[in-house]
Amino acid sequence: MSTGKALRMRRIIDPASHSTLMFAFSHGTSSPEVLPGLENPESRLLAARDGGADCIFIAPGLIHSL
């Protein structure tokens, strides 16, 4: 593994458990209509973070709308 990749992985993988919790938020926003419960993306992102997500995948368009 390259040094850069190792450094990035250390940011999201718990060294004690060797696990991570990743949340793919953008999947529910890419359908023709936004899935129920995702109308307020900022509150969902904060809930994922507060719930223990180590990494949140967000579409570039969604980042700019926050």
Side-chain angles (χ1 to χ4, degrees):
M1 181 181 318
S2 70
T3 303
K5 184 176 181 179
L7 291 172
R8 290 188 301 275
M9 296 300 281
R10 273 198 307 210
R11 291 184 202 149
I12 61 172
I13 297 177
D14 182 343
S17 65
H18 300 287
S19 65
T20 187
L21 175 63
M22 297 182 184
F23 178 66
F25 183 78
S26 59
H27 291 154
T29 61
S30 60
S31 62
E33 50 188 56
V34 176
L35 296 177
L38 300 180
E39 298 88 357
N40 183 354
E42 187 172 2
S43 70
R44 298 294 89 209
L45 295 172
L46 293 174
R49 182 199 64 191
D50 295 343
D54 299 301
C55 175
I56 302 173
F57 297 101
I58 304 172
L62 185 58
I63 291 172
H64 295 297
S65 71
L66 298 175

Once rounded to the nearest 0.5 Å, what's the spacing between atom [atom1] of [X] and atom [atom2] of [Y]?
X: Leu21; Y: Asp14; atom1: CG; atom2: CG; answer: 11.5 Å
X: Leu45; Y: Ile56; atom1: CG; atom2: CD1; answer: 5.5 Å
X: Ser2; Y: Arg8; atom1: OG; atom2: CZ; answer: 6.0 Å

Linking I/L/V/M/F/W/Y whenever any side-chain heavy atoms sit under 4.5 Å apart, do Ile12 and Phe57 land together?
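Yes; tracing contacts between hydrophobic side chains, which count when under 4.5 Å, links both residues.
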
Look at the side-chain heavy atoms of Ile, Leu, Val, Met, Phe, Trp and Tyr, link any pair under 4.5 Å apart, and say whether Met22 and Met9 land in one connected group.
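Yes.
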
